[in-house]
Amino acid sequence: MRIVGTFYVTTPIYYPNAEPHIGHAYTTIMADVIARWRRLCGDEVFFLTGTDEHGLKLQKTAEEKGLDPKTFVDRMAEVFKRYWRLLNISYDRFIRTTDEDHVETVKKALSKIYSRGLIYKGVYRGWYCTSCEAFYAPGEYIEEGGKKLCPTHRKPLELIEEETYFFKLSSFENYVKEQLSKDIVYPRFYAKEVLSKIERDGLRDISITRPKTRVYWGVEAPWDPNHTIYVWIDALLNYVSALGYDEDHERFNRFWNVVHHVIGKDILWFHTAVWFAVLAAIDLPPPRKVVVHAFITLKGLKIGKSAGNVVSIDYLVNRYGGADPVRYLLMRFSSLDKDVEFSVEQLDSAYNTELADIYGNLVRRVGVLAQKKLGGIVEATEIDRELEAKIRERVEKTRELLNAFKFSEALIMIFDVFREANAYLNKTEPWREEAPRRSLYNTLECVRIGTTLLQPFMPNTAERVAKALGFEIRSVEDLRMGAWSSYRVVEAPILFKKVRSGSAS
RNA sequence: AGCGGGGUAGGGCAGCCUGGUAGCCCGCGGGGCUCAUAACCCCGAGGUCGGUGGUUCAAAUCCACCCCCCGCUACCA
């Protein structure tokens, strides 16, 4: 396949103090769909995900389990990888912030920033709970009778001061504002949100180190061995270390120019205000695009990382018999703009009526017809112009939607192709003919085109259909009627077994 | 409170930027077909587009105010 361009897509690196859930899966699947779509378009793609393995919380979680942090994160990283295998995530690298090259990058980058005088020593002052060993900001602690209490222990907080190093974020205020008014953050209103926050409060310097006595589990500050680097700064730099920062300049530039960060709206601030400034401090341009998505919720409960009530990935994969339907359903109801609440009933309904009825049944019926009527061999013949026009329009629309990260609408458009194919079968009634070559060839072309578009969302299913009907999925170049000339239908599979609604548990 | 997003048929959403017969999916009613996973196709019913006022020949779409829902408000990754 011809290499058209390059593309770099990232997920956030996840904090592995617990197993991944649907929220993590949602972001990761979205990034995977983008990666696979760009590959289909002919781009050389680098797709990065990983784990953010330093910090106090992990240090403590590990200690509670009687493990040293490294042993613990080694295990958790494997858990994440296992889930991404289960969900068919086609990452090119799984980066861990404990990886040697990453640690090197963090040190190099921070040395550079330090040497430019953008880091200074100061004092961090905050309300601290000795039991939690953590600071609480206004709004997080409980106020009772003028006293500040820890939200978990309900014990009085202490005002403590500790030595820390600050990054001069404030000196990047104009720069960050300027970048935010460009077309980087998508959808755009998220940029407005950050912009107005800065407009109102300004950009304050941020503390970027912790005393090693309190947080030893982190990258040592290159200029002061008594401090470790704050996890967020450590974490953000993964995006550049994965490319070989300051090592492989050619490769680095090739991909950095086209980097797309996929993130949840909760970490927007760090991926814009802080990240843009850090990048500027090491002479790098901001990301090409930050794609921000809202959350999915189940019956009003947030499925965020810190929420107690989570829908497990295993549950959905088991319920719908594989990764592909889960990928489909999550993207089918995805929205960048606003939080989406879904129910098991809704998912069941979409699974049954869309995947099983519209698509699964179409594949089955065209497969059966081809085998019965033509012995499974369907050669190219005259193309139905009316059908072709409709399909072409939908393909174009789908491509636009995918390039605009509108996954839900893209899927609806793809399914229109299948609906069109079903209608075409009804119209041409191939079961009444002796050798309905024209009808079946045209229908198969629709199935092939739709399946190709569906491939980034449902890679296994697409592959299975291609095998069964005897075609190949190659690239977007084949997204036109007549591009495939000879089908060898070897199977008429039942792709999706329906689920009975109401059996949710 | 400030800022941001939203309130469109029974449910889930698009349209709003670039005003001009209100659109898609599910569900529902009727019909067709029988190749197919009780699947598929066609037709139909159902909405005065949160409220009020304004701009306009014309507003779901622009402006003002109000009501309701949700999110964000930085060192918690």
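A, B, ... follow the sequence lines: proteins, then strands. Residue 1 opens every chain.
- If you check every strand for non-hydrogen atoms under 4.0 Å, A/L268 touches nothing.
- Two residues are said to be in side-chain contact when any heavy atoms from C-beta on lie closer than 4.5 Å; A/T272 and A/V176 fail this criterion.
- Residue contacts shown for A/G202 include a base, since a base heavy atom lies under 4.0 Å away.
- Checking B/G32, B/C33, B/A74 against every side-chain atom of A/W431, the shortest atom distance belongs to B/C33.
- Distances from the side chain of A/L369 to the nucleotides B/C35, B/C41, B/A77 place B/C35 closest.
- Residue A/E193 has its side chain nearest to B/G71 when only B/C40, B/C76, B/G71 are considered.
- Pair assignment for B/U48: none, as no Watson-Crick or G-U wobble contacts are both less than 3.5 Å.
- Distances shorter than 4.0 Å separate none of the side-chain N or O atoms of A/R204 from OP1 or OP2 on B/A74.
- Residue A/F496 is in base contact, counting any heavy-atom pair closer than 4.0 Å across all strands shown.
- With B/C33, B/A74, B/G4 as the candidates, the nucleotide lying closest to the side chain of A/K192 is B/G4.
- Between A/E63 and A/K60 no salt bridge is recorded (no basic side-chain N to carboxylate O distance below 4.0 Å).
- Taking every side-chain heavy atom of A/I206 into account, B/C75 is the closest of B/A77, B/C75, B/C33.
- In terms of phosphate contacts, A/K427 brings no side-chain nitrogen or oxygen within less than 4.0 Å of OP1 or OP2 of B/C40.
- Of the candidate nucleotides B/C26, B/U73, B/A74, B/C26 has the atom nearest to the side chain of A/T353.
- One finds no salt bridge joining A/E396 and A/R392 here, because no Lys/Arg side-chain nitrogen approaches an Asp/Glu carboxylate oxygen to under 4.0 Å.
- For A/Y230, the listed nucleotide lying nearest its side chain is B/C75; candidates were B/C75, B/A36, B/A39.
- OP1 or OP2 of B/A39 sits under 4.0 Å from a side-chain N or O of A/K498.
- Across all strands shown, B/U55 forms no Watson-Crick or G-U wobble pair with both key distances under 3.5 Å.
- Checked for salt-bridge contact, A/E193 and A/R188 miss the test: no charged N lies under 4.0 Å from a carboxylate O.
- A/D74 has a carboxylate O that lies under 4.0 Å from a charged side-chain N of A/R96, or vice versa, which qualifies the two as a salt bridge.
- Closest to the side chain of A/R419, from the set B/C25, B/A77, B/U37, is B/C25.
- Counting any heavy atom pair closer than 4.0 Å across all strands shown, A/K265 reaches sugar-phosphate atoms only and no base atom.
- Of the candidates B/C3, B/G32, B/A36, the closest approach to any side-chain atom of A/S196 belongs to B/C3.
- The partner of B/G4, taking Watson-Crick or G-U wobble pairs whose two distances both stay under 3.5 Å, is B/C70.
- Heavy-atom contacts from other residues, nucleotides or ligands closer than 6.0 Å to NZ of A/K397 number 12 or fewer.
- Pairing for B/G29 is with B/C43, a Watson-Crick or G-U wobble pair whose two hydrogen-bonding atom distances lie under 3.5 Å.
- Contact between the side-chain N/O atoms of A/R432 and the OP1/OP2 oxygens of B/U34 is found at a separation under 4.0 Å.
- With distances taken from any side-chain atom of A/N422 to the nucleotides B/U37, B/G12, B/C40, the minimum falls on B/C40.
- For B/C40, its base sits under 3.5 Å from the side chain of A/N426 at one donor and acceptor pair at least.
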